[in-house]
Amino acid sequence: MNELELLAPIRSAFYTTIWTIVREIPAGQVASYGLIAGMIPVPPCISSGNYKAYRARWVGNAMSACPPDVPWQRVINAQGKISLRQGADRQRKLLETEGIVFDLRQRVDLKRYGWPGPSAEWLAANGLVDQTNQPSLF
DNA sequence: GTAATGACCAATA
DNA sequence: CTATTGGCCATTA
């Protein structure tokens, strides 16, 4: 068994954890890819440096394959914008339905709509780390 | 086997 | 404010 085969189940669990967190985002609020990723500990077989560099992209990859019950539309990039791709306007419509207002540059005010993250109890119950060292989002 | 691409982010210029 | 760049992962062609 080589290393790549060993890595697949780990990545699968990583995706599942991402979806679990995204399901906790309430309607009318948004979270960035990096914020979600920052709640998940460094997986085995990867250095913390590399993890930090790529975890946000992995969250994006997980969103491209998420189950139907995941509110994927509430995950946007760290600049408060919807990442450009097929279906971006549909994502914006869904968020506007939830009451989120975009500014003239198609941006969301993260100070107003940003999700602070799950409670410490929820994190602990799911074996995740407390996000004490928030990125400079506010 | 190689090469291109991706729903990202932080630090610079 | 915008534009560029390094990060060096995983998937797909």
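Only heavy atoms go into these numbers, but all of them, side chains included; no hydrogens, no water, no symmetry mates. Lettering of chains follows the sequences in order, A, B, ..., and the numbering in each one begins at 1.
Here B/dA10 is the nucleotide among C/dG7, B/dA10, B/dA7 with the atom lying nearest to any side-chain atom of A/Ala78. When distances run from any side-chain atom of A/Trp58 to the nucleotides C/dA10, C/dG7, B/dC9, the shortest one goes to C/dA10. Of the candidates C/dC9, C/dA10, B/dA7, B/dA7 carries the atom nearest the A/Ser83 side chain, counting heavy atoms from C-beta on.
In this structure, A/Leu35 and A/Met39 have side chains that are in contact, with non-hydrogen atoms separated by less than 4.5 Å. At least one side-chain heavy atom of A/Arg74 sits less than 4.5 Å from a side-chain heavy atom of A/Leu95. A heavy-atom distance below 4.5 Å is found between the side chains of A/Ile21 and A/Leu128. Considering only heavy atoms from C-beta on, A/Trp115 stays 4.5 Å or farther from A/Val30 through its side chain. Residues A/Arg55 and A/Ile36 fail the side-chain proximity criterion, which asks for heavy atoms closer than 4.5 Å. Put simply, the side chain of A/Pro43 does not reach to within 4.5 Å of the side chain of A/Arg11, judged on heavy atoms. Annotation: side chain of A/Phe14 is not in contact with side chain of A/Thr17 (no heavy-atom distance under 4.5 Å).
In this structure, CD1 of A/Ile10 is placed 14 Å from P of C/dC9, rounded to the nearest angstrom. For the pair A/Ile40 CD1 and B/dC9 P, the computed distance is 14 Å after rounding to whole Å. Here B/dC8 presents its C1' atom at 12 Å from CZ of A/Phe14, a figure rounded to the nearest Å. The distance from atom CD1 of A/Ile18 to atom P of B/dA7 is 14 Å, rounded to the nearest whole Å. The interatomic distance linking A/Tyr54 (OH) with C/dT11 (P) rounds to 14 Å, in whole Å. For A/Asp89 and B/dA7, the CG to C1' distance is 14 Å, given to the nearest whole Å. Atoms CD1 (A/Ile25) and P (B/dA7) sit 18 Å apart, rounded to a whole Å. Going from atom CD of A/Gln79 over to atom P of B/dA7 covers 15 Å, rounded to whole Å.
Applying the salt bridge (Lys or Arg N to Asp or Glu O under 4.0 Å) rule to A/Asp69 yields the partners A/Arg23; only residues at least two apart in sequence or on another chain are considered.
Distance check, rounded to the nearest 0.5 Å: CD of A/Glu24 to OG1 of A/Thr20 gives 8.5 Å.
Here A/Tyr33 does not lie in a stacked arrangement on the base of B/dC8, lacking the combination of planes under 30° and ring centres under 5.5 Å apart.
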Might you list the N or O atoms of the protein lying below 3.5 Å from N or O atoms in nucleotides 1-5 of chain C, with each pair's distance?
from: C/dC1; atom 1: OP2; to: A/Arg107; atom 2: NH1; distance (Å): 2.8

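The stretch residues 60-74 of chain A has no heavy atom under 4.0 angstrom from DNA chain C at all.
Close to B/dC8, at under 4.0 Å from its OP1 or OP2, lies no side-chain N or O of A/Asn77.
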